[in-house]
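What follows is a single structure, written as structure tokens, with notes after it.
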Amino acid sequence: MPDVNNEDVAELKIGEKTVKLPIIRGSEAEVGIDIRTLRKETGCITYDPGFVNTGCCKSDITFIDGEEGILRYRGYDINDLADKCQFIDVAYLLVHGKLPNKKKHQAFSSHLNNHSMIHEDMRHFFDNYPDHAHPMATLSAMAVSLSSFYPELESSRKENVDFKVTRLLSKMRTAAAFSYNKSIGHPIVQPRHDLTYCENFLNMMFWTPVNDYKPDPVCAKALNKLLILHADHEQNCSASVVKMVGSSGANLYASISAGICALWGPLHGGANQHVIEMLERIIKKDKGDVKKVIERAKDKNNSFRLMGVGHRVYKSYDPRAKVAKQMCKDVLDQMGLKDPLVDLAQELEEAVMADDYFQSRSLYPNIDFYTGLTYRAMGIPTDMFTVMFAIGRIPGWIAQWLEMHEDPHGRIGRPRQIYTGPTQREIG
Ligand code: CMC
């Protein structure tokens, strides 16, 4: 970090003009240059494709130190949260800024139960999606549909926060399980009040009239941890989309629906599905030859990238991937399972870590490298992996959306451009 004070200014010389731009510092000593007056004073804008250097807000929610591999929600380390908390408490923490006490926990929990069913008319939507529909498409549609079933929540941004949070957290989980039931032609299983948040999801996924499924405690514990790992990641692609949509005044459900679509992409949350598909391809097509795959990923004439490797912010081992890797081993051990894809993933990771191409670019396994393998051990189908990520990320999206609306400097998101097309011309 540069050694500067809040009082310091950055000087920028453009032609003959020198402008002074204030320096701002975060609570973890991050430094930013406040360029809000730049265009007014100089006529220039900044050029930063992919927003690699652009801070869009000040935020109290999540801190990441990508160099040191640190991730904290509201000041709490991700390892502590994953070890000691329930997902719903972490959701509460992200949205409200503090962990709930026992009374608040119980109230939040029963609130979630009370809002877990989805409207009967909405349930019929599922009948009209083709069986092969990707569950992320269905989930996004369900999220935006909530705004037509519960339009009263559009009226105020700050009021009824708990109401909005519980509706989204609870109903999206139900909708996700319904979309799976539908895709395999099974009857829909309703949520139950006597089960915890994670047990309920597993029960809705796997209970059938001929199989009186009881949620496996190993799976419920793993799911709890995975959802915590997914819960927020500051200004990532999907959170930025949620905020961009919300900045126009669109309602929370519409904003979250857009975030789900952003998360679906293979460079973002969709990577967890693509990791498994990549590993399966390595076994089938490359006969398990990891070296061949590494060479393909390094080949600049080939668009192939190693899925689950690399990150915009982490230039060291993703702290979530560390937890996910250990958890994957634990879950397989506790369930007495063996999976050749896990051995292959470990071999691939070792090859990545030893290779100069990946070392020189600080490319390490990210969260998606091992999470899919754990979901797979739990019996969750591959095309549901990104849905799991989305359910986990809902509290983060909500917290970021709310914070944006409370920001006195918040404005509609509207980047500029440098136009490089033709200058004015005549028709004919
Ligand atoms: N395999 C091979 N090369 C890679 C990879 C990869 N997975 N990731 C980055 N690189 C190379 C890239 O080609 C570039 O090389 P060069 O400097 O020679 O041009 C360099 O590393 C920097 O990459 P970048 O594309 O400029 O980095 P970025 O910050 O724009 O992209 C990323 C980050 C996550 C999109 C990228 O690392 C990637 O495509 N990874 C694979 C997809 C993936 O696992 N995504 C999940 C991310 S974590 C969860 C989440 O965000 O939801």
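Atoms within a ligand are numbered from 1 in the order they appear, just like the ligands themselves.
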Q: For Ala271, counting its heavy atoms only, list the atoms of ligand 1 lying under 4.0 Å from any of them.
A: 43 (C), 44 (O), 45 (N), 46 (C)
Q. Looking only at atom types and distance, does a side-chain atom of Lys13 sit under 3.5 Å from a main-chain N or O of Gly15, one as donor and one as acceptor?
A. yes
Q) What distance do Asp216 atom CG and Glu199 atom CD have between them, rounded to the nearest 0.5 Å? A) 10.0 Å
Q.
Return the NE2 to CG distance between His230 and Asn272, rounded to the nearest 0.5 Å.
A. 6.5 Å
Q: Considering heavy atoms of the protein only, find what lies nearest to atom 10 (N) of ligand 1 and give residue, atom and distance to 0.1 Å.
A: Leu363 CD1, 3.5 Å
Q) Is the closest basic N to carboxylate O distance between Lys287 and Asp289 below 4.0 Å? A) no
Q) Tell me: protein heavy atom nearest atom 52 (O) of ligand 1, and distance? A) His268 ND1, 2.6 Å
Q. Does Leu267 approach ligand 1 within less than 4.0 angstrom via side chain, backbone, both or neither, non-hydrogen atoms only?
A. both
Q. Would you say atom 26 (O) of ligand 1 touches the protein, meaning some protein heavy atom is under 4.0 Å from it?
A. no
Q) Is it true that a side-chain atom of Asp48 and a backbone atom of Asn53 form a donor plus acceptor pair closer than 3.5 Å? A) yes
Q.
Considering non-hydrogen atoms of the protein only, which is the closest contact for atom 29 (O) of ligand 1, and what is the distance?
A. Arg312 NE, 2.7 Å
(Q) I'd like to check whether Phe389 has a polar contact with ligand 1, where a contact means an N/O of the residue lying under 3.5 Å from an N/O of the ligand. (A) no
Q) In the protein, which heavy atom is nearest to atom 3 (N) of ligand 1, and how far is it? A) Tyr357 OH, 3.0 Å
Q.
Can you tell me which portion of Arg361 lies within the under-4.0 Å heavy-atom range of ligand 1? Options are side chain, backbone, both, or neither.
A. side chain
Q. Any ion pair linking Asp83 and Lys225 (charged N to carboxylate O, less than 4.0 Å)?
A. yes
Q: Give, for atom CD1 of Ile118 and atom CE of Met142, the distance between the pair rounded to the nearest 0.5 Å.
A: 6.0 Å
(Q) Considering both backbone and side-chain atoms of Arg320, is one of its nitrogen or oxygen atoms within less than 3.5 Å of a nitrogen or oxygen in ligand 1? (A) no
Q: Return yes when Ala297 approaches ligand 1 closer than 4.0 angstrom through a heavy atom, no otherwise.
A: yes
Q: Can you see which heavy atom on Ile188 is nearest to which on Asn181, and at what distance?
A: CA-OD1, 3.7 Å
Q) Taking non-hydrogen atoms only, is Val52 closer than 4.0 angstrom to ligand 1 via side chain, backbone, both or neither? A) neither
Q.
Nearest 0.5 angstrom please: Ser170 OG to His115 NE2, how far?
A. 8.0 Å
Q. Quick one: does atom 36 (C) of ligand 1 have a protein heavy atom under 4.0 Å from it?
A. yes
Q: Might you point out which heavy atoms bring Pro100 and His105 nearest each other, and give the distance in Å?
A: CB-N, 3.8 Å
Q.
Suppose I only count heavy atoms of Gly308 and a 4.0 Å limit; which atoms of ligand 1 are within that range?
A. 43 (C), 44 (O)
Q) Any non-hydrogen atom of Leu306 lying under 4.0 Å from ligand 1? A) yes
Q: Would you check whether Phe369 reaches within less than 4.0 Å of ligand 1, judged by its heavy atoms?
A: no
(Q) For atom 34 (C) of ligand 1, what's the nearest protein heavy-atom neighbour? Residue, atom name and distance, please. (A) Gly310 O, 3.6 Å
Q: Go through ligand 1 atom by atom and flag the ones less than 4.0 Å from a non-hydrogen atom of Gly269.
A: 52 (O)
(Q) Check this for me, if you would: do Arg393 and Asp232 make a salt bridge, where the nitrogen-to-carboxylate-oxygen distance has to be below 4.0 angstrom? (A) no
Q: Output yes when the distance from some N or O of ligand 1 to some N or O of Val309 is under 3.5 Å, and no in every other case.
A: yes
(Q) Suppose we measure from atom 49 (C) of ligand 1 to each protein heavy atom; which comes out shortest, and what is that distance? (A) Asp368 OD2, 3.2 Å
Q) Is Glu11 paired with Lys20 through a side-chain N to carboxylate O contact shorter than 4.0 Å? A) yes
Q: Could you find the nearest protein heavy atom to atom 38 (C) of ligand 1 and give me its residue, atom name and distance?
A: Arg305 NH1, 3.4 Å
Q.
Regarding Asp355 and Lys298, does a basic nitrogen lie under 4.0 Å from an acidic carboxylate oxygen?
A. yes
Q.
Any atom of ligand 1 sitting under 4.0 Å from a heavy atom of Lys300?
A. yes
